[in-house]
Protein chains: 2
Amino acid sequence: MFKMSKKVEYALISLLYMAERKEGELTTARELSENFNIPQEIGGKVLQSLTRNGFISSVQGVKGGYQLAMDAAKINVTDVIAAVDGPLQVVGCAVEADKCNCEQLSYCNIRSPMEIIQLKLIEFFNTISIKDLQKNTIPSAFFHGNIEQRSYPVKFSDQ
Amino acid sequence: MFKMSKKVEYALISLLYMAERKEGELTTARELSENFNIPQEIGGKVLQSLTRNGFISSVQGVKGGYQLAMDAAKINVTDVIAAVDGPLQVVGCAVEADKCNCEQLSYCNIRSPMEIIQLKLIEFFNTISIKDLQKNTIPSAFFHGNIEQRSYPVKFSDQ
DNA sequence: TTTAAATCCGACTAAATTTGTCGGGTTTAA
DNA sequence: TTAAACCCGACAAATTTAGTCGGATTTAAA
C-alpha cells in the first residue's frame, strides 16, 4: 500500500477548504465533517493539531471556528504530515541502526541508500504546498528522471 | 509516520545486495536473512514476489539462489512497492470516490488535488531506480521547488 | 538413491498501528 | 443561562502489518 493516514488526508482536505475561504471567514469542524464525511471527533483533533502547530488559528465559543493562519504557499505537505502524524520515517532501517548487523560496522552501503530515499521523499513533500494543491501546480521538474516513464496503473502486483 | 512496509524495505535491501553481485553469482534467502536481520520466511516470500514479477530469477535446489533478472537501472521503486505490497494508494479520497459526498457532485476541487499528490508521489518513486540507490544519485531536479527549503529534522509534531 | 540445501506457497497467529469513540471540560455570543 | 463551538486525555474497535507454521518441490552431491 503506502498510503497517507486518514488524519493527514483530513488535514489536507481541511486546509484546502479553508484556503478557498476569504480572509476572516471561519470554518467549523462540523462543517468539514458534514461536507467530507470526516468523523467529527477525529476531525476536531486534527484541526487542534493544526492549530497547535500554527497552520490555522481558532476562535472559541459560539460563532467560533478555524481559519488559515499562514499563507497557503508556506504550508507544505511534509509539515502537515509531521504535525498530525509525527515525523516521517520511511524506513526502519534508517532509524533502528542498532538493530542492523550489516557486515560493515562503520558504513553500511545498504542503509545509506535507504536513508537517502527517505530524505528525498521528505524533500519532495516539502516542495508541495497547499497553494500548489489548490492550483494543481506541483513543481514538476523531477519528471525529467533518468528512467522511462510509464502509464498507470502499475502492472505488477501480488494481490 | 508514513513509512514503507518492512516487505518493501526487505525487497530494496535484497535488490541492492544482488545488484552489487557479479553476473551469475547467486544470493540465497538465508544469506540475506543473516546479513540484514530479515526473518527468513518473510524474506523468502518477498524474494518470491520479486521473482514472480520478473525483477529477479531463481534457481532451485542445492546451490540455488536468486539473481537480478533486469538491469538495475530499469527497476524502479514504484514497481518494487507494487510487487510486494500491491498498488500504491496514497489517499483513500482519491480511490473511494463513492464515499465522498462533497458538495459538487461531478467535480470535487478537493479530491482532485488529492489525486494529484498521489500521482506525483508515484511518479517520484518511479524516477528512482535501484541503480540510483546504488550510486546515491537520485535525480534531484525537483529540489528547485517554489517554497523555502529547510533543515531537518522537522520541527512540528504532536508526539 | 538418499540426503540436505534451497526455492516455493497457502493458511494462520501475533503484534502494532490506525481509526474512531467516550466523556468530559472550556470559551463565548446571544 | 443556554447552546454552539473549541479543547483534550483515555479508551476501544478495526485494520493492517509482521511474522510463524507446516508443508511441498527441486536439485547437487555424497
Side-chain angles (χ1 to χ4, degrees), chain A residues 1-11 14 18 25-34 36-53 56-67 69 81 84-93 96 99 158-159, chain B residues 1-11 13-14 18 25-34 36-53 55-67 69 81 84-93 96 99 158-159:
Chain A
M1 286 224 290
F2 202 80
K3 64 180 180 191
M4 288 188 176
S5 73
K6 289 283 181 190
K7 274 158 78 179
V8 171
E9 193 173 330
Y10 298 154
S14 301
M18 285 185 267
E25 275 188 355
L26 297 181
T27 301
T28 65
R30 184 175 194 187
E31 191 179 347
L32 289 163
S33 291
E34 285 172 356
F36 302 106
N37 266 351
I38 300 172
Q40 204 154 354
E41 268 102 0
I42 288 220
K45 277 183 199 168
V46 166
L47 291 166
Q48 287 151 32
S49 287
L50 294 175
T51 304
R52 278 193 297 276
N53 285 288
I56 60 181
S57 61
S58 66
V59 175
Q60 290 201 347
V62 181
K63 300 272 181 189
Y66 301 91
Q67 61 187 317
I81 294 173
V84 302
D85 272 350
L88 288 84
Q89 295 180 357
V90 179
V91 287
C93 178
E96 302 147 22
K99 291 192 191 159
D158 270 15
Q159 22 297 51
Chain B
M1 287 224 290
F2 201 80
K3 64 180 178 193
M4 288 190 178
S5 73
K6 289 283 181 192
K7 275 158 79 179
V8 170
E9 192 173 331
Y10 298 153
I13 288 172
S14 301
M18 286 183 267
E25 276 188 355
L26 297 181
T27 301
T28 65
R30 186 177 192 183
E31 192 179 347
L32 289 163
S33 291
E34 285 172 357
F36 303 107
N37 267 351
I38 300 173
Q40 204 154 352
E41 270 102 359
I42 288 220
K45 278 184 199 168
V46 166
L47 291 166
Q48 288 151 30
S49 287
L50 294 175
T51 304
R52 278 194 297 275
N53 286 286
F55 300 117
I56 60 181
S57 61
S58 66
V59 175
Q60 290 200 345
V62 183
K63 302 273 181 187
Y66 301 90
Q67 61 188 316
I81 294 173
V84 302
D85 272 353
L88 290 83
Q89 295 181 357
V90 180
V91 287
C93 179
E96 303 149 21
K99 290 193 191 158
D158 270 15
Q159 26 289 61

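In the text below, chain A, chain B and the rest are named by the order of the sequence lines, each starting its count at 1.
Under the side-chain contact (heavy atoms from CB on, under 4.5 Å) criterion, Thr27(B) pairs with Tyr17(B), Met18(B), Arg21(B), Glu31(B), Leu32(B), sequence neighbours left out. Among residues two or more places apart in sequence or in another chain, the side chain to side chain donor-acceptor pair (under 3.5 Å) test is passed with Gln60(B) by none. Judged as a side chain to side chain donor-acceptor pair (under 3.5 Å), and not counting sequence neighbours, Gln40(B) has no contacts. Among residues two or more places apart in sequence or in another chain, the salt bridge (charged side-chain N to carboxylate O under 4.0 Å, His left out) test is passed with Glu41(B) by none.
Note that OG of Ser5(A) is 8.0 Å distant from CD1 of Ile81(A), once rounded to the nearest 0.5 Å. Rounding to the nearest 0.5 Å places CD1 of Ile13(B) at 6.5 Å from CZ of Phe36(B). With rounding to the nearest 0.5 Å, the separation of OG in Ser14(A) from CD1 in Ile56(A) is 7.5 Å.
In this structure, CE of Met4(B) is placed 12 Å from P of dA18(D), rounded to the nearest angstrom. For the pair Lys7(A) NZ and dT15(D) C1', the interatomic distance rounds to 15 Å; values are reported in whole Å. Taking atom CG of Leu50(A) as the reference point, atom C1' of dC8(D) lies 15 Å away to the nearest angstrom. If you measure from atom CD of Glu9(A) to atom P of dT18(C), you get 14 Å, rounded to the nearest angstrom. In this structure, Gln48(A) places its CD atom 12 Å from C1' of dG25(C), rounding to the nearest Å. Residue Met18(B) contributes atom CE, which lies 10 Å from atom P of dT7(C) at whole-angstrom precision.
Using a 4.0 Å cut-off, some side-chain N or O of Arg52(B) falls inside it from OP1 or OP2 of dC9(C). Remark: Arg30(A) is not in phosphate contact with dA4(D), judged by side-chain N or O atoms under 4.0 Å from OP1 or OP2. Residue Ser58(B) has a polar side-chain atom (N or O) positioned under 4.0 Å from OP1 or OP2 of dC8(C).
Backbone-only engagement by Gly65(A) is indicated by non-hydrogen atom pairs under 4.0 Å involving sugar-phosphate atoms exclusively.
The backbone N or O of Ser57(B) lies less than 3.5 Å from no partner atom in the side chain of Thr51(B), so there is not a single donor-acceptor pair.
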For nucleotides 20-23 of chain C, tabulate all protein N/O to nucleotide N/O atom pairs closer than 3.5 Å, reporting atom names and distance.
from: dG20(C); atom 1: OP2; to: Tyr10(A); atom 2: OH; distance (Å): 3.0
from: dT21(C); atom 1: O4; to: Lys45(A); atom 2: NZ; distance (Å): 2.5

Can you check nucleotides 26-29 of chain C for protein contacts, nitrogen or oxygen pairs under 3.5 Å, and list what you find?
from: dT27(C); atom 1: O4'; to: Gln60(A); atom 2: OE1; distance (Å): 2.8
from: dT27(C); atom 1: O2; to: Gly61(A); atom 2: N; distance (Å): 3.3

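The closest side-chain heavy-atom distance from Ser49(A) to Arg52(A) is below 4.5 Å.
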